Amino acid sequence: MDRYNSREVEPKWQKQWEESEQFKTEVDQSKPKYYVLEMFPYPSGRIHMGHVRNYTMGDVVARYKSARGFNVLHPMGWDAFGMPAENAAMENNIHPGDWTYQNIADMRAQLKPLGLSIDWSREFATCDPEYYGHQQSMFIDMLEAGLVYRKNATVNWDPVDLTVLANEQVENGLGWSPIARVERKELTQWFFNISKYAEDLLASLDKMPNWPEKVRLMQKNWIGKSKGLEIDFALQDAPQEFKTLKVYTTRPDTLFGMSFAGISPDHPLALALAKDDEKLANFIAECRKTATTEEALETAEKVGYETPVKVVSPLDETKSYPLYVANFILMGYGTGAIFGCPAHDQRDLDFARKYDLDVIPVVCPPDVAENAFSIGTEAYTGPGYIVNSEFLNGRSIEDAKTLISKTLQRKGVGLEKTNYRLRDWGISRQRYWGCPIPVIHCPKCGTIPEKKENLPVELPHDVNFDQPGNPLNRHDQWLAVSCPTCGSKAKRETDTMDTFVDSSWYFARFTSPNAKTPTDKEKIEYWMNVDQYIGGVEHAILHLLYSRFFARAMNETGHMPEQAIEPFDALFTQGMVCHETYRDQEGKWIPPNEVKEIEKSKAKRQFVSLSTGKPVDVGPSIKMSKSKKNVVDPTDIIEQFGADTARWFMMSDSPPERDVEWTTSGVEAAWRHLQKVWRLSHEIYSESLKKDAKDDYKPILNGESHHDNLLRETHKAIDNITKCLESFAFNKAVAHLYELTNVISNSKASHIVKKYAMRILAQLMQPMTPHLSQEIWSLYGSSSFISREPWPTPVLEFLQNEDLIYPIQVNGKRRAEIVVPKDLDSQEIESRILSLPPITNILKGSKPKKIIIVPGRIVNVVI
RNA sequence: GCCCGCUUGGUGGAAUUGGUAGACACAAGGGACUUAAAAUCCCUCGACCUAACAGUCGUGCCGGUUCGAGUCCGGCAGCGGGCACCA
């Protein structure tokens, strides 16, 4: 018998699907819609196994929902702007656009053989001028709606090349020229007013039950709502214009534990003091020599500079504290100033120990006596009662907060304030390969938006990357423009947008990819929301939060219906694809296809290099990455085993939210199983030819057949697999499909029943293995596309059991088992149990203390 | 440093969400078929103890709640993701 030949079968059906436009979708008001979307890829040039996993998951959902009668939208596009294209331009002297479009063509060619049910007619790339033109148009609407503004913000600055560096370049030194050092530098930049929606973005998280709890929690913490008190501290010996220092705190109850105050190196007071204090100026300059990331600031050693300024206690004018400029205080959070209470804040404590400041405990743990409590190297942040705090003594933390807040407010030096950690979204990038910000700087009229009829503001193609910096800055012809308002000579904005803007509305554009406006009302109302969004958990905060914001901003400017301000109804975050790592004796990484396993036993696994024959060390399985060379190319796998094998393996074994380990033996097992299904389908088919019998499935479903084991198992499988697919348990669905295959294979049922079961199996496998399923479908004489067939429904009579099996525990340990009729009452069950030999042996005539019968589940005898 | 996860046999994982731990696979070992190999099929497979039945231990580590804990609570360790200019 022939083997299942994926190289022949898969392209055959793919061609037929394409020619008959199987997956092209239109608005159809008569059907319920289902929009399934996987996060679109960055066109790096090659697809990787992570893509295969991501898009297979989406395809399983799309095909399943389609079989359930939904009008399914399943589009694909490209997140095409970004840094790698510029790096390629610098390294290989190729235009970022040419590089990107070539990569898109390559990746599309690698993706298509996977047989995904994608409506390719909706495809676009975010670097298409048409797409980013609409983005510019919305930017202008948002600017006019007050959702966009400019302000100063710091960037990573390379003082040698005079260019802005990405955080990644700072961390990994990936810049195209060696980075001498990094400084923080202030630039005027464009911002989206995301903080306007902070409360709404936070509150709305509670109304998203189909998002993972962890993602909602991460977003909640990111938004970081806190209720606190803004306190005005009087200043002594400060420059004239600084009378008070505003400090935001969530722990006003610890005010009596204060021993210093601190301000950010970027605080106006610090800058003013530095004018006459060279040492301070140097200190501030030194502080700026770290990257802008929060991680860099938090992990840097905490250092401070003591200023001559004193901060006066708002409660007792005779008390004052030193004021430090400290590197760990962020200007962007609160007021950029803190009061330091070392006993109850770890950072403050580290700082106080370093500069020998007082550590006064003011919160004592509940069950500890005041005089027995002291602070060592760890700050105390737990619950307790207030001590050393005059009129607050003995109170709870909550009471103390309320009381001190009232007291300070009465004195006019306190203000209750709700604060958010969430900062406005800075979208300016000093780079070429991004969506130009459609704004013109006119010496007379100031900063004004480009006229909409002039959109898109297209990127000029004639640029080069032979010197550092943004080539737009030196493109005089592109820069020169006349002011849209007064007509005088003006200059284009050269900043482009953060690529997160591009990915914040692509899902909306997919609903009407050719519309003359950013979105089409009728279509977006039909298709939105995305019913199921699937992507990596690494996007849990930024991409998803920005998209939620952008949907609101689009709604406010008339581009998004109210129903879609939470654009993703359900979110699924999938794990990564990992592989073992291999290194030769010199420590060089070796790809998996250049090693061979020569010994595999429980105790030992030994690999050698294929080229040198020398032994190779096996390292842990980690995320596939080019740098560790532990990658397997999907195209090679499809070539060797076929798309269905790759898809099947990706869905089997590992739960989709967890990392999956790619193993050769796993893929081979997947391949063997598909061969087995193929073989089995042919055996049953040949058998039925011999019998020369007509297929008639109806009699087998009537009441007399309800005891047929194969039918029972088949219908149980339909039930189980349907539930698994509904709940994203693809690995469990696959396990049930293995079981059903084995049951059919071992069954002694008639060929009619077997053929019936086989057709069901093909249908149930279809979301994972569409080509193989279609091939079997067609072998069994159906001329239809299996993907168009309605999903099988289980017949309830097949699912019911008449007996129940009760495991019997004694003191929680399983000792026996009993089979009883389903409706037996608990008294009867109890008496049967007490006469079971294993139980009587243990009881030895004594009476059990208690017998717990959980109906339908378990029995526990307590002795 | 901060926020969020994860941890079950030699391996990937399952466990009806507090009710029989190890489903389904992979690897390994043994056997059948075969001149041989491949392919396929069958058997064994957490550890300890045992001739076998039985029994004891066992879900990263320590402790708690419960008739009963992989599942809930407290603490710890290891690994991973994010930290606002990688996408």
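What you see is a predicted model, and the numbers here were worked out from it, not measured in a lab. Letters A, B, ... mirror the listed sequences (proteins, then strands); counts begin at 1.
- The aromatic rings of A:Phe192 and A:Phe550 stand perpendicular to each other, their planes meeting at an angle above 60°, with 30° marking the opposite boundary.
- Distance from the side chain of A:Arg679 is smallest to B:rC41 among B:rC85, B:rC83, B:rC41.
- A sub-4.0 Å separation between OP1 or OP2 of B:rC4 and a side-chain N or O of A:Asn221 is present.
- Under 4.0 angstrom from either OP1 or OP2 of B:rC85 there lies at least one side-chain N or O belonging to A:Arg429.
- For A:Arg672, whose side chain is taken as the heavy atoms from C-beta onward, the closest listed nucleotide among B:rU20, B:rC26, B:rG80 is B:rC26.
- B:rU7 takes the anti form, because its glycosidic angle lies more than 90° either side of 0.
- In this structure, the side chain of A:Ser195 does not engage the main chain of A:Arg423 through any donor-acceptor pair within 3.5 Å.
- Look at the C1' atom in both B:rU44 and B:rG10: the space between them is 15 Å, to the nearest Å.
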(request) Could you go through the side-chain contact (heavy atoms from CB on, under 4.5 Å) check for A:Gln189 and A:Gln430 one step at a time? (result) CA-CA 10 Å; A:Gln189 310 208 62; A:Gln430 293 70 40; 3.3 Å; yes
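- The shortest distance between the side-chain N/O atoms of A:Thr499 and the OP1/OP2 oxygens of B:rA87 is below 4.0 Å.
- Nearest nucleotide to the A:Leu542 side chain, out of B:rU20, B:rC4, B:rC83: B:rC83.
- Of the candidates B:rA14, B:rC85, B:rC26, B:rA14 carries the atom nearest the A:Asn731 side chain, counting heavy atoms from C-beta on.
- Spacing of P atoms, B:rU59 relative to B:rU8, comes out at 11 Å, to the nearest Å.
- Taking atom C1' in both B:rC48 and B:rC43, the straight-line distance is 24 Å, to the nearest Å.
- On a pure distance criterion of 3.5 Å, a polar donor-acceptor pair joins the side chain of A:Gln430 and the base of B:rC85.
- A sub-4.0 Å separation between OP1 or OP2 of B:rU7 and a side-chain N or O of A:Arg658 is present.
- The base of B:rC2 lies outside donor-acceptor range of the side chain of A:Gln346, with no N or O pair under 3.5 Å.
- A:Arg815 has no side-chain polar atom (N or O) that falls below the 4.0 Å cut-off from OP1 or OP2 of B:rU20.
- Distance from the side chain of A:Glu298 is smallest for B:rG1 among the nucleotides B:rA21, B:rG81, B:rG1.
- In the set B:rG68, B:rG13, B:rA87, B:rG13 carries the atom at the smallest distance from any side-chain atom of A:Pro655.
- Comparing B:rA23, B:rG19, B:rC67 by their closest approach to the side chain of A:Val862 singles out B:rC67.
- For the P atom pair drawn from B:rA77 and B:rC86, the interatomic distance equals 31 Å after rounding to whole Å.
- Mapped onto RNA chain B by nearest heavy atom, A:Asn811 and A:Glu657 fall at different nucleotides, with A:Glu657 at the one closer to the 5' end.
- Residues A:Arg184 and A:Asp266 are paired through a salt bridge, judged by an N-O separation under 4.0 Å between the basic side chain and the carboxylate.
- B:rG9 shows a glycosidic angle within 90° of 0 and is accordingly assigned syn.
- Nearer to the 5' terminus of RNA chain B, by closest-nucleotide assignment, is the contact made by A:Tyr738 (compared with the other of A:Tyr738 and A:Asn860).
- Between A:Lys732 and B:rA15 there is a side-chain N or O to OP1 or OP2 distance below 4.0 Å.
- Considering A:Glu726, A:Lys732, A:His736 in turn, A:His736 is the only one that fulfils the side-chain contact (heavy atoms from CB on, under 4.5 Å) rule with A:Ile721.
- Ranking B:rG81, B:rG68, B:rC85 by closeness to the A:Val155 side chain, first place goes to B:rC85.
- Judged by distance alone, the side chains of A:Asn811 and A:Lys849 never bring a donor and an acceptor atom under 3.5 Å apart.
- No N or O donor and acceptor, one from the side chain of A:Glu295 and one from the base of B:rG82, sit under 3.5 Å apart.
- The side chain of A:Arg857 places an N or O atom within less than 4.0 Å of a non-bridging phosphate oxygen (OP1 or OP2) of B:rU17.
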